[in-house]
2 protein chains.
Amino acid sequence: MEPKIIPDIVVGRLPIYLRALQRMLQEGKPVTSSQELSERLGISAAQIRKDLSQFGEFGKQGTGYNIEFLHEKLRQILKIDRMWDLVVVGAGDIGSAVARYQGFEDRGFRVTMIFDNDPKKIGTQIGPFTVLDAANMVDTIRSNGIQIAMIATPAVQAQAVADELVKAGIRAILNYAPLNINVPEGVHVQHTDPLTHLQRMTYYL
Amino acid sequence: MEPKIIPDIVVGRLPIYLRALQRMLQEGKPVTSSQELSERLGISAAQIRKDLSQFGEFGKQGTGYNIEFLHEKLRQILKIDRMWDLVVVGAGDIGSAVARYQGFEDRGFRVTMIFDNDPKKIGTQIGPFTVLDAANMVDTIRSNGIQIAMIATPAVQAQAVADELVKAGIRAILNYAPLNINVPEGVHVQHTDPLTHLQRMTYYL
DNA sequence: TAGATTGTTAATCGATTAACAATC
DNA sequence: TAGATTGTTAATCGATTAACAATC
């Protein structure tokens with residue numbers, strides 16, 4: 001059993017395949033093909049087949065892929081066939097919207113706490129959550145064994161928050177702050193920033 | 001004068017460089033180097049130099065890059081040395097947060113309208129905006145000559161909204177709906193979805 | 001001058017695509 | 001069986017890196 005290394009760029013496409021499959025499930029389709037997925041997603045059929053075949057033989061020649069089966073396999077591969085708890089740091093507009101967002105629960109993620117360091121915000125209610133004091137953040141996260149966090153603070157605080165999160169045992173960070181954060185080996189960061197996306201498109205206008 | 005074609009992946013890194021330069025400007029630094037940028041961003045110095053050199057000779061041997069100069073050059077290249085109007089479609093949690101977000105204005109983008117098709121939402125106030133009836137969307141966008149839109153509707157409506165936006169003359173779409181949308185050649189789409197980012201990280205946990 | 005850093009070339013590395021035997 | 005589509009190999013394409021002359 002060799003531990004085959006999967007390129008990160010392939011891993012990054014799996015959630016996209018998963019999203020399409022989820023949609024097809026809702027539509028009640030039983031099977032699909034690399035070609036159909038290709039048309040929906042704008043990714044070549046050869047690449048889709050190659051990506052999927054890195055993890056196993058999920059299709060049938062002549063028929064294609066059973067949607068329910070492939071969907072379940074991808075959930076297992078991405079380890080979202082379980083529930084992941086996560087915390088939100090920063091109770092501003094973005095943090096509040098994230099904490100209230102309903103779309104996580106049925107996709108394997110559950111917001112469990114939201115922190116802020118502003119005395120005016122601590123103790124207030126955001127959806128089902130009471131905003132917690134960031135001063136207790138490290139201990140609280142650690143004692144709950146939480147591994148995933150979202151940073152939704154202003155840019156100036158983001159790096160300090162990231163350092164604390166790492167201390168607390170967090171291993172995956174989704175960063176909403178408009179700033180690159182540096183973390184040690186083994187901690188994963190994904191950056192999400194509407195401005196970056198917009199600026200990338202204006203180049204072509 | 002050959003119209004050199006710049007790879008999309010290079011264009012995609014320019015906003016990241018710009019963000020770092022903006023930060024250095026705030027810190028009051030006068031010059032930087034490809035190596036310093038490399039350390040901040042986790043992108044190799046050679047690649048940074050190569051990317052920048054596609055657009056001109058912005059640095060000085062032995063010295064590096066003048067931050068203010070390079071910052072301005074990148075703004076010109078990305079065409080954000082001007083103000084772009086944009087519209088938001090969907091006045092739910094995400095649409096509201098986006099419409100209220102303060103960070104666009106000083107980065108070249110200005111939200112000018114927000115649309116929804118829910119009678120309960122039309123006419124209500126979100127930050128400085130009154131929610132407009134989506135029924136008039138195409139005409140309103142067209143007559144204002146707006147080229148950029150953000151889709152923040154539920155997934156089921158996103159494709160139909162995208163079709164309308166294209167009809168209205170929109171040429172760049174930032175899509176918050178958890179679904180791939182298809183658009184004609186020449187229209188640019190960027191997708192932003194926290195779930196996709198999270199799912200990509202759990203693979204490594 | 002000595003040291004530093006760019007812009008650029010050539011070499012390497014990795015990702016995508018085309019093609020097709022296998023087979024449902 | 002005939003038609004369709006997978007999984008996989010080899011070929012192509014493109015992106016990244018290493019190295020260094022040029023020069024500030």
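Heavy-atom basis, side chains included; hydrogens, waters and symmetry copies ignored. All of these numbers come straight from a predicted model, not from anything done at the bench. First the proteins, then the strands, lettered A, B, ... as listed; each starts at 1.
What you find for B:G95 and B:I114 is that their closest heavy atoms are O-CD1, 3.8 Å. The two residues A:A99 and A:V111 make their nearest non-hydrogen contact at CA-CG1, 4.4 Å.
In this structure B:R200 satisfies the salt bridge (Lys or Arg N to Asp or Glu O under 4.0 Å) test together with A:D8, sequence neighbours excluded. Every residue two or more places apart in sequence or in another chain that forms a salt bridge (Lys or Arg N to Asp or Glu O under 4.0 Å) with A:R13 is listed here: A:D51.
Between the CD atom of A:Q54 and the C1' atom of C:dG14 there is a distance of 12 Å, given to the nearest Å. Between the CG atom of A:L37 and the C1' atom of D:dT5 there is a distance of 13 Å, given to the nearest Å. Between the OH atom of A:Y65 and the C1' atom of D:dA4 there is a distance of 13 Å, rounded to whole Å. Rounding to whole angstrom units, CG of residue A:L70 and P of D:dT6 are separated by 11 Å. Distance B:Q35 CD to C:dG3 C1': 14 Å, rounded to the nearest Å. Following rounding to the nearest Å, B:I48 (CD1) and C:dT5 (P) show an atom-to-atom distance of 14 Å. If you measure from atom CZ of B:F55 to atom C1' of C:dG7, you get 15 Å, rounded to the nearest angstrom.
Near-neighbour residues of DNA chain C inside residues 16-27 of chain B, defined by a heavy atom below 4.0 Å, are absent.
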Do nucleotides 15-24 of chain D as a string where each nucleotide becomes B, S or -: B if the base has a protein heavy atom under 4.0 Å, S if just the sugar-phosphate does, - if no protein is that close. SBBBB--BBB
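The ring of B:F58 has its center no closer than 6.0 angstrom to the ring center of B:F55.
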Applying side-chain hydrogen bond (donor to acceptor under 3.5 Å, both in side chains) to A:Q22 and A:R107, what does each step give before you reach the verdict? CA-CA 10 Å; A:Q22 202 132 22; A:R107 300 294 215 285; 3.3 Å; yes
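Rounding to the nearest 0.5 Å places CG of B:L78 at 11.0 Å from CG of A:L205.
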Only Watson-Crick and G-U wobble pairs with both distances less than 3.5 Å should count. Give DNA chain C in dot-bracket notation, marking inter-strand partners with |. ..||||||||||||||||||||||
For residues 59-66 of chain A, please give each side-chain donor-acceptor pair under 3.5 Å, one per line with the distance, not counting sequence neighbours.
from	atom 1	to	atom 2	distance (Å)
A:N66	OD1	A:E68	N	3.0
A:N66	OD1	A:F69	N	2.8

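A:R40 and B:N180 form no side-chain donor-acceptor contact under 3.5 Å, judged by distance and modelled atom types alone.
The 12-atom threshold is not exceeded at CD of B:Q102, counting heavy atoms of other residues, nucleotides or ligands nearer than 6.0 Å.
At least one donor-acceptor pair under 3.5 Å links the side chain of B:H191 to the backbone N or O of B:A177.
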